[in-house]
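Worksheet for the structure shown next.
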Amino acid sequence: MTDYRATLNLPKTGFPMKAELPKREPERLAWWDAHRTYERRLERNAPNGAWILHDGPPYANGDLHMGHFLNMVLKDVFVKIALLDGKYAKFVPGWDMHGLPIEYETLKYLGVKDFHSIDPLELRERCKERALFWLDRQREQRVRMGNFGLFDRPYRTIDPSFEATIVSALADLTERQQIYKGLRSTLWCIHDETALAEAEIEYETRTSPSIYVRFTATSEQAVRIAGVMASGDLGLSASAASSRGTRDDSPLSVLIWTTTPWTLPANVAIALRADATYALYRLGDERVIVAEALAERVLGERFAQAALLGRATGAQLDDLAVRHPFMDRDSVIVLAGYVDLETGTGAVHTAPGHGADDFDTGLRYGLPILNPVDAAGRFTASAGPYAGMHIFDANAKIVEDLNSSGALWGVAEFEHSYPHCWRCRNPVIFRATAQWFLAMDQNVLRQRTIDATDAVDYVPEWGRVRQRQMIETHPEWCLSRQRTWGTPIPALICLECNEAVLDARVARLAAKRFGDVGAGAWWSDPVETYLPPDFVCPHCGGKRFDKEKNIVDIWFESGVTHLAVLGRDGLTWPSDLVLEGGDQFRGWFRSSLITAAAIKGRAPYRRVMKNGWVNDEHGRPMSKSLGTGIDSQEAVGRWGADVLRLWAASVEPIDDVRFGPNVVEQVGRVYRNLRNRMRFMIANIDDLSPGEIVTQDVMEPIDHLACTVTDAFVAEVKAAYDRCQIHDAYLSVVEFESGMSSLYFDSLKDPLYSRAAADPRRRSAQSALLYVLTRFLTVLAPVLSFTAEEAWQAVPAALRGDAESIFDTSFDAARLRNGAPENDLRLWQQVRALRARVAASVSPRDFEAQLRLVVTPAAHKRLAALGDNLREALVVSQLTLDQREGSDEIGDGVIDFEILPADGAKCARCWKYRELGSDPDHPSICADCARVVRALSS
RNA sequence: GGGCCGUUAGCUCAGCUGGUUAGAGCGCAUGCUUGAUAAGCAUGAGGUCCCUGGUUCGAUCCCAGGACGGCCCA
């Protein structure tokens with residue numbers, strides 16, 4: 001038998017089945033770069049209006065991890081969607097480059113222990129080098145992910161123009177009276193010697209000493225307290241009260257509980273809960289007071305011997321006092337709502353200098369705000385016997401002293417979550433210091449900020465609630481930091497009255513100056529540079545000033561990126577989308593929102609999307625030490641960016657996601673499927689020339705139908721993209737490609753391979769394949785950027801038209817609006833169902849079979865319109881389609897469905913069962929094949 | 001302790017306003033194909049839809065409580 005294989009039009013392409021992404025992707029990057037693909041498309045889109053995703057700046061410190069990858073790739077997907085949608089989707093990446101983490105790392109790098117011992121300008125220079133080093137590294141990693149954007153012109157918070165924006169924003173806020181300097185109990189890092197913002201805190205488990213301490217009353221105090229408690233009518237009978245007497249002169253103490261013994265020197269009060277019942281017990285030769293609800297737990301085994309002497313509510317004890325156990329002063333009894341009856345004694349040690357709640361209580365009662373701790377965490381002279389000691393070292397000493405003085409009731413260890421500095425990881429303390437604040441309630445800023453969320457879309461929608469809560473609970477925003485690597489707060493100190501002055505005119509001068517030469521000038525310029533003519537101290541009229549040396553919180557810096565970046569160079573304010581991890585509801589989403597509400601009166605973005613956390617394969621946080629941590633560059637080098645980009649779409653990226661080798665392997669198989677489907681289409685249009693492309697109105701019915709179905713698919717994906725539902729788009733893609741492949745591609749093999757190359761049937765199919773392929777690649781390009789481009793470049797150049805790159809194509813919104821007629825989609829589904837039914841036949845199967853189909857007249861009308869395409873689609877050798885009125889028990893109008901052995905014999909060339917031998921020179925093939933073969937040889 | 005989110009086949013995920021034999025892709029098993037071939041096609045086995053109550057004729061879907069996981073906060 002002659003081998004007719006050579007006479008077939010078999011697929012042909014250079015597009016390899018094997019992806020080898022780590023090797024090929026860099027070539028693609030170079031190609032995009034050389035062809036200026038992104039910039040050129042941007043220019044072309046410019047007239048169509050802008051769509052701006054504003055980049056939340058990553059911190060320029062360390063390599064990017066998979067959480068960054070997920071976030072940054074998602075951003076890129078949206079930028080590319082807008083680009084393909086014809087929008088001016090200019091993406092300016094940015095970096096957050098000031099701040100303590102970099103300063104800290106730089107000091108460590110330089111081997112400098114105390115930042116006071118290095119010249120600030122020298123330190124700033126070194127920090128800048130360090131930050132730029134990381135910026136370069138991260139930029140390289142971001143580009144390697146395949147992300148489009150102006151990576152050679154990023155915005156940087158260290159740029160003079162950016163520093164000027166920061167200071168201008170401070171000037172704006174000063175003019176609006178939003179900024180004040182005040183004493184506050186702020187979170188303080190004694191290691192880094194600076195105040196910290198709430199956003200810079202991480203809670204970690206820590207074991208602290210847990211002590212119960214007697215605050216013993218003087219005899220006069222004891223008489224008053226015992227009097228109140230004995231006379232209080234809380235169920236204790238009058239006789240019992242009187243018999244137990246108020247004349248008892250044994251020591252009387254309030255028991256308090258604390259896990260921070262070092263704060264005791266600053267104790268000035270004991271807070272009780274107004275509505276809680278406190279009980280006075282006799283225990284041996286002393287009397288103690290604790291909350292009744294906690295007495296059994298606090299007194300332990302001694303509770304059994306305790307004699308109840310009296311009871312009172314917290315409110316009844318308000319304003320009484322006892323003595324501090326070792327400082328020479330009283331500790332007054334106050335009331336506070338935060339006192340709970342779950343832990344401790346119900347009597348809360350209160351040191352207004354060392355706690356936010358305590359501070360508020362102190363303000364309410366006019367208590368002294370004692371702060372006997374210096375910036376580095378050592379006790380000052382006012383701490384009495386502990387002066388000079390480090391606070392955490394003093395813990396043990398204080399406990400020991402309390403013990404020897406008899407004030408200690410009990411001691412244990414207590415494990416609890418305690419605030420730590422986000423970078424240096426050391427426990428932080430509360431410490432009362434003078435700081436600059438943004439007043440959240442001045443000018444109803446808090447409410448205006450909350451209201452600003454009304455105009456914002458949240459993805460997911462519950463983000464709105466989250467965001468509002470974050471604003472509602474936002475404490476006064478501490479803007480100042482006592483460090484070097486940052487933008488100065490251009491405040492002055494009056495040398496006459498020692499008051500700090502923040503004046504908008506000074507800030508404007510500083511903004512101008514910083515914009516010209518950078519913010520380092522604050523350290524090198526004489527103060528006069530920043531004094532407006534005739535400037536005098538508003539407090540005392542003094543004329544001599546010094547520069548204050550505080551820098552601004554870097555959350556404020558990133559909070560004004562919208563002011564620094566948007567509203568110029570074709571970038572709109574507000575932006576259309578911001579997209580960050582969910583932690584940014586408390587971070588950048590919030591800080592940006594507050595500054596925008598304060599200065600511009602509305603939100604700086606139209607839509608906020610959050611992405612989830614990347615955990616390891618078991619759903620646990622990634623950890624280098626467990627071997628499950630993997631950074632972005634490592635993953636990209638190992639698997640290639642495109643597989644990982646597909647992973648980002650294959651999971652629900654709004655939720656927390658899992659990542660690891662097994663997950664990648666799974667999505668890798670989906671990737672291979674997609675790639676092979678592209679390859680099939682490309683390989684079958686290799687010999688198509690532009691002049692032979694037929695339009696859809698003259699395509700064969702099934703081809704036309706495939707194009708229509710593809711349009712519906714594109715519309716579906718585009719709609720998902722518009723809703724920011726990348727994962728929905730992924731599901732559509734997978735469904736589409738597997739359906740296309742099993743129904744359409746499979747049935748097209750015979751017409752494509754065995755017909756004459758230029759046969760109209762074949763050209764029609766090829767035209768459809770080109771159309772499907774192009775739309776498919778356009779839809780995939782935002783996610784599978786490298787592969788879509790590689791595939792596009794493998795399409796014969798003549799067929800690519802004007803589109804040099806796949807990113808020159810478009811979703812073709814005009815066409816999508818027509819949608820796909822419902823009937824077409826139903827017909828497609830019906831053909832699929834029939835095909836599945838035929839394919840399920842074990843024997844005869846495929847071309848060995850013929851199908852006899854009897855359908856209702858309505859179904860007949862639909863199916864008959866497909867002509868011979870229906871037989872092709874069902875992959876049988878013969879099909880008879882008859883109609884009859886009847887009940888379609890099989891469904892979809894099918895009344896009878898019968899598979900029989902095909903007539904004729906297997907054609908050696910096309911494998912269909914036909915009548916053979918009509919051409920004596922080719923006895924083993926059918927007449928159609930014979931004609932093709934003859935034409936080839938003539 | 002509080003707020004928010006989640007818990008559906010081995011894995012990644014769909015299941016719209018309560019009624020489906022609870023689905024898809026991947027994996028797995030089996031068969032076909034060897035003219036997409038380190039590919040393609042088909043069939044099949046896998047699920048007490050986290051648990052417990054409640055509302056309802058009927059709940060994966062609604063309500064309450066609980067368990068587990070995550071994020072944020074205290």
Side-chain angles (χ1 to χ4, degrees), chain A residues 3-13 15-18 198-199 201-203 338 340 342-343 356-357 416-419 460 462-470 472-475 581-587 590 610 612-615 617-621 646-647 649-652 654-660 662-684 725 727-728 730-739 741-743 745-750 752-754 835-843 845-848 875 909-911:
Chain A
D3 181 11
Y4 288 98
R5 196 172 190 274
T7 69
L8 298 165
N9 312 296
L10 294 179
K12 190 181 152 215
T13 178
F15 184 71
M17 185 179 283
K18 198 155 183 262
E198 190 199 350
I201 296 301
E202 288 178 353
Y203 284 80
Y338 52 79
D340 70 58
E342 306 291 322
T343 51
D357 286 339
H416 57 152
S417 78
Y418 189 86
W462 57 258
R464 182 189 310 282
V465 175
R466 184 74 167 274
Q467 187 67 82
R468 287 188 173 166
Q469 286 177 351
M470 288 295 171
E472 281 160 10
T473 61
H474 195 303
D583 54 333
Q584 299 304 328
F585 284 116
R586 186 169 72 120
R590 178 168 75 172
K610 78 106 182 178
W613 235 235
V614 179
N615 293 323
E617 292 191 318
H618 307 285
R620 294 177 309 222
L646 190 63
W647 160 76
S650 77
V651 293
E652 176 48 272
I654 290 171
D655 299 332
D656 292 349
V657 300
R658 297 181 183 203
F659 179 83
N662 294 316
V663 176
V664 178
E665 193 179 323
Q666 184 188 181
V667 76
R669 284 185 281 258
V670 176
Y671 173 86
R672 264 173 268 159
N673 272 350
L674 290 166
R675 188 177 175 92
N676 272 311
R677 268 98 215 223
M678 293 175 198
R679 184 168 180 271
F680 179 82
M681 289 187 269
I682 296 167
N684 277 297
Q725 302 293 333
H727 181 67
D728 286 356
Y730 169 85
L731 294 175
S732 297
V733 165
V734 170
E735 190 198 356
F736 174 78
E737 61 112 4
S738 70
S741 178
S742 59
L743 174 63
F745 295 174
D746 207 38
S747 71
L748 236 36
K749 287 191 224 169
D750 175 51
L752 285 170
Y753 299 167
S754 61
R835 160 72 184 146
R837 212 176 147 79
V838 173
S841 166
V842 176
S843 178
R845 56 166 51 250
D846 297 339
F847 287 145
E848 296 164 10
V875 199
R909 184 167 174 277
C910 72
W911 293 348

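Lettering follows sequence order; numbering is per chain, from 1. Since the structure is predicted, the reported quantities are computational estimates derived from the model, not experimental observations.
Comparing the same atom, C1', in B:rC13 and in B:rG27 gives a spacing of 14 Å after rounding to whole Å. As rounded to the nearest Å, B:rG44 and B:rC51 have P atoms that lie 28 Å from one another. Taking the C1' atom of each, B:rG2 and B:rC62 are spaced 25 Å apart, rounded to whole Å. B:rC63 and B:rU21 have their C1' atoms separated by 29 Å, with the value rounded to a whole Å. If you take atom P in B:rU20 and the same atom in B:rU60, they sit 9 Å apart, rounded to whole Å. Nucleotides B:rC72 and B:rU55 have their P atoms positioned 40 Å apart, rounded to a whole Å. Between B:rU30 and B:rG23, the two C1' atoms lie 22 Å apart (nearest whole Å).
Partners of A:Tyr753 by ring pair (Phe, Tyr, Trp, His ring centres under 6.0 Å), not counting sequence neighbours: none found. For the side-chain hydrogen bond (donor to acceptor under 3.5 Å, both in side chains) test, no residue two or more places apart in sequence or in another chain qualifies with A:Arg679. With sequence neighbours excluded, no residue forms a side-chain hydrogen bond (donor to acceptor under 3.5 Å, both in side chains) with A:Ser650. A:Asp746 is linked by a side-chain hydrogen bond (donor to acceptor under 3.5 Å, both in side chains) to A:Lys749, A:Arg835, counting only residues two or more places apart in sequence or in another chain. Residues that satisfy the side-chain hydrogen bond (donor to acceptor under 3.5 Å, both in side chains) test with A:Thr13, not counting sequence neighbours, are absent from this structure. Qualifying ring pair (Phe, Tyr, Trp, His ring centres under 6.0 Å) partners for A:Phe585, counting only residues two or more places apart in sequence or in other chains: A:Phe589. For A:Glu848, the side chain to side chain contact (heavy atoms under 4.5 Å, CB included) partners are A:Pro844, A:Arg845, A:Tyr913, not counting sequence neighbours.
Taking atom CG of A:Asp583 as the reference point, atom C1' of B:rG3 lies 17 Å away to the nearest angstrom.
The side chain of A:Lys749 has B:rA36 as its nearest neighbour among B:rU12, B:rC71, B:rA36. Comparing B:rC5, B:rC71, B:rA14 by their closest approach to the side chain of A:Asp656 singles out B:rC71. Closest to the A:Trp911 side chain, of the nucleotides B:rU34, B:rU12, B:rC72, is B:rU34.
Closest-nucleotide positions on RNA chain B for A:Glu848 and A:Glu652 were compared, and the one nearer the 5' end corresponds to A:Glu652.
A glycosidic torsion no more than 90° from 0 defines the syn conformation, and B:rG46 adopts it.
Side chain of A:Asp655 to backbone of A:Gly612: no donor-acceptor contact under 3.5 angstrom is found.
A:Ser754 comes within contact range of no nucleotide atom at all, as no heavy-atom separation falls under 4.0 Å.
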**Message:** In dot-bracket form, 5' to 3', how is RNA chain B paired? Count Watson-Crick and G-U wobble pairs only if both distances fall under 3.5 Å, and write | where the partner sits on another strand.
**Reply:** (((((((..((((.....[...)))).(((((.......))))).....(((((..]....)))))))))))).

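Residue-environment remark: CD (A:Glu735) stays at or below the threshold of 12 foreign heavy atoms within 6.0 Å.
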List, with names and distances, any nitrogen or oxygen atoms from the protein found under 3.5 Å away from nitrogen or oxygen atoms belonging to nucleotides 25-28 of chain B.
unit_1	atom_1	unit_2	atom_2	d
B:rG25	N2	A:Gln666	OE1	2.5
B:rC26	OP1	A:Asn673	ND2	3.2
B:rC26	O2'	A:Arg669	NE	3.0

